[in-house]
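Notes to accompany the following structure.
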There are 2 protein chains.
Amino acid sequence: MNNSAQKPGLRERKRRETLQRITDTGLKLFLSQGYEETTLDAIAEASGISRRTFFYYFKSKEEILLAWQSGTGAAIAAAIQEQTADKAPIDAVLDAILSLASQFDANELVAIERLLRSTEELRASKHAKYVQQEGAVFEALCAKWPQARRRDSLRLIAMASMGALRLAVDRWVEEGTKRPLAKHLRETFESLKAELGRQS
Amino acid sequence: MNNSAQKPGLRERKRRETLQRITDTGLKLFLSQGYEETTLDAIAEASGISRRTFFYYFKSKEEILLAWQSGTGAAIAAAIQEQTADKAPIDAVLDAILSLASQFDANELVAIERLLRSTEELRASKHAKYVQQEGAVFEALCAKWPQARRRDSLRLIAMASMGALRLAVDRWVEEGTKRPLAKHLRETFESLKAELGRQS
DNA sequence: AACAATATTGCACTCAGTGCGAGTTTACAA
DNA sequence: TTGTAAACTCGCACTGAGTGCAATATTGTT
């Protein structure tokens with residue numbers, strides 16, 4: 001019954017607002033007090049909802065942070081689809097990532113990235129996220145190059161690409177985000193391509 | 001009285017025994033009841049220790065499982081050091097892994113591997129472990145080939161190797177461990193090398 | 001207005017993990 | 001042998017994440 005075409009819907013609007021309010025205040029509190037030091041009670045209260053309601057929107061505390069980059073895997077996959085098919089897969093991935101990179105707020109991203117390094121639990125979640133994205137990239141590549149003689153090739157490219165992405169973000173954050181992320185991405189992918197085209 | 005050369009030590013022996021008893025009974029309970037369904041109280045009681053003492057040996061529940069492959073990162077690094085320097089880095093990593101693979105009990109390994117897939121938390125920890133191992137491999141490679149013109153090359157090899165390891169283990173487990181892990185490792189590394197030597 | 005679906009909340013509960021402190025066992029040396 | 005420091009064990013009380021349940025409120029539909 002509900003046409004997903006056009007319907008702002010009061011309910012849906014409220015939902016998005018609440019969702020946004022939780023992630024906003026959650027991030028703010030994490031940044032000011034630290035992740036583990038911030039309780040769900042504090043987040044719920046600051047968000048104007050009950051503790052119980054929080055779990056209606058998120059299924060865990062760490063999801064607040066992961067939500068910021070929630071659609072990333074699918075977004076990269078979609079961006080890959082939009083790339084022209086004449087370029088090499090590895091370039092398609094890079095260009096797809098670059099096309100998304102501009103949409104993110106750098107300060108926000110680096111803040112989240114730093115939080116994700118603050119505890120073992122969050123670090124682990126971050127890496128799991130990369131693996132999930134690797135899977136999404138791999139499928140997107142398979143969809144775009146279905147005739148690829150060896151899917152292993154695309155699997156490798158997906159792995160290496162996500163590795164490069166991880167490396168680029170790491171360096172970007174460690175360097176204090178002086179140079180733009182896009183620069184790091186280009187550099188890292190450049191040397192990746194150089195190594196890929198070399199005989200070991 | 002005690003020779004300073006070798007000291008079994010009653011204390012140290014007890015410690016190892018207790019450690020082993022906890023991991024053994026923990027694994028057994030996880031396998032029979034599931035990871036989340038097994039409480040620390042149950043593990044402690046079955047291990048003949050108090051709940052509080054458990055936390056003297058492990059700092060979290062998941063550490064019981066991670067302990068089984070605790071030294072893996074360092075072990076791979078050490079095995080890389082022992083490889084002859086005439087082979088390519090990627091082959092050194094493969095051979096290092098192969099030299100270790102035989103030391104593990106296949107049934108035990110696959111059981112643990114399956115448990116590590118059973119919950120999101122454990123999956124994340126597993127991936128974090130791979131990243132940690134990647135770092136260890138990278139450092140080992142840097143130590144063995146210090147003159148490498150580009151460290152990026154070794155970084156890539158470390159990333160790709162661990163990716164191949166992950167892939168090989170995945171397929172091995174998914175195939176129901178019919179063929180030996182070494183076979184999968186060789187195959188996966190083989191196609192990895194083939195792709196590395198190809199112009200994208 | 002009636003009715004269904006979705007959203008909000010409180011309460012009580014389980015369980016992982018920590019801080020503290022007291023008691024026990026082992027190592028080691030006077 | 002005895003004393004003692006260090007390592008180990010344990011109980012207790014506590015915090016905080018996450019869940020099940022069931023009651024109430026809000027929104028969408030007819």
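These numbers come from a predicted model, not from an experiment. Naming: A, B, ... by sequence-line order, numbering from 1 per chain.
- Side-chain atoms of B:K87 and B:Q83 include a donor-acceptor pair closer than 3.5 Å.
- With distances taken from any side-chain atom of B:K61 to the nucleotides D:dG20, C:dA7, C:dG17, the minimum falls on C:dG17.
- C:dT6 atom C1' lies 16 Å from atom CZ of A:R13, rounded to whole Å.
- Look at CZ on A:F58: it is 18 Å from C1' on D:dT19, rounded to the nearest Å.
- Taking atom CZ on B:F55 and atom C1' on C:dC20, their separation rounds to 16 Å, with Å as the unit.
- Within 4.0 Å (heavy atoms only), A:F54 reaches no atom of the nucleic acid at all.
- When B:Y56, B:F58, B:Y57 are each tested for a ring-ring contact (aromatic ring centres under 6.0 Å, His included) with B:F54, only one passes: B:F58.
- Applying the salt bridge (charged side-chain N to carboxylate O under 4.0 Å, His left out) criterion to A:E36, with sequence neighbours excluded, gives no partner residue.
- Across all strands shown, A:Y57 has heavy atoms under 4.0 Å from sugar-phosphate atoms exclusively, and none from any base.
- Base engagement by B:R51 is indicated by at least one non-hydrogen atom pair under 4.0 Å involving a base atom.
- When distances are taken from the side chain of A:L40 to each of D:dA17, D:dT9, C:dA7, the shortest belongs to D:dA17.
- Atom pair A:E17:CD and C:dA7:P shows a separation of 14 Å (rounding to whole Å applied).
- Residue B:R52 places no side-chain N or O under 4.0 Å from the OP1 or OP2 atom of D:dC12.
- Between atom NE2 of residue B:H127 and atom OG of residue B:S125 there is a gap of 10.0 Å, rounded to the nearest 0.5 Å.
- Phosphate contact (OP1/OP2 of D:dT9, side-chain N/O of B:T53, threshold under 4.0 Å): absent.
- Atoms CD1 (B:I43) and C1' (C:dC15) sit 12 Å apart, rounded to a whole Å.
- Looking only at distances, no side-chain donor or acceptor of B:K61 sits under 3.5 Å from a matching main-chain atom of B:T39.
- Positionally, the nearest nucleotide of DNA chain C for A:I49 lies more toward the 5' end than for the other of B:Y35 and A:I49.
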Which pairs, protein N/O on one side and nucleotides 24-26 of chain C N/O on the other, fall under 3.5 Å?
{"from": "C:dT25", "atom 1": "O2", "to": "B:R11", "atom 2": "NH2", "distance (Å)": "3.2"}
{"from": "C:dT26", "atom 1": "OP1", "to": "B:K14", "atom 2": "NZ", "distance (Å)": "2.5"}
{"from": "C:dT26", "atom 1": "O2", "to": "B:R11", "atom 2": "NH2", "distance (Å)": "3.2"}

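- Rounded to an integer number of Å, the gap from CZ of A:R15 to P of C:dA5 is 17 Å.
- Checked for salt-bridge contact, A:E190 and A:R186 miss the test: no charged N lies under 4.0 Å from a carboxylate O.
- Using a 4.0 Å cut-off, some side-chain N or O of B:Y56 falls inside it from OP1 or OP2 of D:dC8.
- Following rounding to the nearest Å, B:L19 (CG) and D:dT9 (P) show an atom-to-atom distance of 10 Å.
- In this structure, A:T39 reaches the sugar-phosphate backbone alone: every heavy-atom distance under 4.0 Å involves primed, P, OP1 or OP2 atoms, never a base.
- Checking side-chain atoms of A:T177 against main-chain N and O of A:V173 turns up no donor-acceptor pair under 3.5 Å.
- If you check the side chains of A:D86 and A:T84, you find a donor sitting under 3.5 Å from an acceptor.
- Taking atom CD of A:E62 as the reference point, atom P of C:dA16 lies 17 Å away to the nearest angstrom.
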